Amino acid sequence: MSWTEERIGKLRELWGQGMSASEIAELLGNVTRNAVIGKAHRLGLSGRPSPIKKKPTRGATILSLTERMCKWPVGDPKHPDFHFCGKPALPGMPYCAEHAALAYQPAKKREEERKFSVA
DNA sequence: CCCTGATTCGC
DNA sequence: GCGAATCAGG
């Protein structure tokens with residue numbers, strides 16, 4: 001299977017929407033996340049999370065940074081070591097891509113479960 | 001241990 | 001250029 005314009009367009013679209021490589025690979029079909037990431041990288045993409053160690057924009061106050069901080073509560077709020085994820089949050093999301101996925105787990109095929117409930 | 005993406009290697 | 005393997009981090 002080669003990367004046609006159609007697939008590349010889908011890849012770029014899904015990737016731009018914040019879709020994870022594994023999700024994109026699954027939706028595209030007959031591709032692995034490695035293929036998607038590899039192609040994305042080759043296309044000049046990558047933008048999404050996990051540039052591993054990154055240099056935070058220092059000079060700005062922590063207040064401005066918290067807006068982009070993943071507000072995922074880690075540990076107990078009463079715990080003295082309580083902290084937030086701190087990873088870059090998605091636009092419009094209080095959490096980063098990973099935690100947003102965890103917080104807003106999309107119910108796939110909810111219809112199927114639904115028809116069972118009717119019975 | 002799970003997940004993520006990035007980078008590298010071989011085909 | 002493609003994909004898998006490997007690396008690095010959360």
Side-chain angles (χ1 to χ4, degrees):
Chain A
M1 213 50 161
S2 53
W3 281 97
T4 60
E5 292 300 299
E6 178 182 274
R7 224 158 298 208
I8 293 171
K10 198 77 178 183
L11 164 64
R12 295 189 69 172
E13 185 179 296
L14 295 169
W15 191 278
Q17 284 170 50
M19 278 283 214
S20 56
S22 57
E23 291 295 288
I24 297 169
E26 197 174 294
L27 291 174
L28 255 59
N30 63 59
V31 277
T32 63
R33 81 183 194 103
N34 299 354
V36 173
I37 291 171
K39 184 59 182 178
H41 186 252
R42 232 167 282 123
L43 285 170
L45 298 163
S46 52
R48 290 312 103 199
S50 41
I52 38 190
K53 267 294 189 176
K54 74 177 199 308
K55 296 174 81 285
T57 313
R58 288 188 305 275
T61 61
I62 192 153
L63 295 176
S64 53
L65 289 174
T66 41
E67 291 298 292
R68 301 156 68 106
M69 286 251 189
C70 176
K71 300 182 184 68
W72 183 268
V74 181
D76 292 273
K78 60 181 180 177
H79 195 279
D81 191 55
F82 170 71
H83 63 285
F84 295 100
C85 168
K87 283 184 282 189
L90 291 167
M93 286 282 187
Y95 309 117
C96 67
E98 295 174 63
H99 286 141
L102 293 171
Y104 304 106
Q105 289 180 53
K108 298 179 184 178
K109 301 182 179 179
R110 180 171 284 183
E111 298 175 65
E112 293 186 64
E113 296 181 66
R114 202 174 199 170
K115 60 187 176 184
F116 276 101
S117 304
V118 175

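Just so you know, these numbers come straight off a predicted model, no measurement behind them. Just so we're on the same page: letters track the sequence lines, and every chain starts at 1. As a basis for the values below, the full set of heavy atoms in this structure was taken, side chains included, without hydrogen atoms, waters or symmetry mates.
Across all strands shown, A:T32 has heavy atoms under 4.0 Å from sugar-phosphate atoms exclusively, and none from any base.
When distances run from any side-chain atom of A:N34 to the nucleotides C:dA4, C:dG1, B:dT4, the shortest one goes to C:dA4. Side-chain proximity of A:V31 to the nucleotides B:dG5, C:dC2, C:dG3 is greatest for C:dG3.
A:R7 has its side chain out of reach of A:L11: every pair of non-hydrogen atoms, C-beta onward, lies at least 4.5 Å apart.
Counting all heavy atoms, side chain and backbone alike, A:A21 lies closest to A:I37 at CB-CG1, 3.3 Å.
For B:dT7, the OP1/OP2 oxygens have a side-chain nitrogen or oxygen of A:H41 closer than 4.0 Å. Contact check, A:W3 against C:dG3: a side-chain N or O comes under 4.0 Å of OP1 or OP2. Close to B:dT4, at under 4.0 Å from its OP1 or OP2, lies a side-chain N or O of A:S22.
Remark: P of B:dA6 and CD1 of A:I24 are 11 Å apart, rounded to the nearest angstrom.
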Dot-bracket for DNA chain B, 5' to 3', Watson-Crick and G-U pairs with both distances under 3.5 Å, [ ] for crossing pairs, | for partner on another strand, reads .||||||||||
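Between the side chain of A:R33 and the base of C:dG3, no donor-acceptor pair under 3.5 Å is found.
Of the residues A:L14, A:L27, A:I24, the one that meets the side chain to side chain contact (heavy atoms under 4.5 Å, CB included) test with A:V36 is A:I24.
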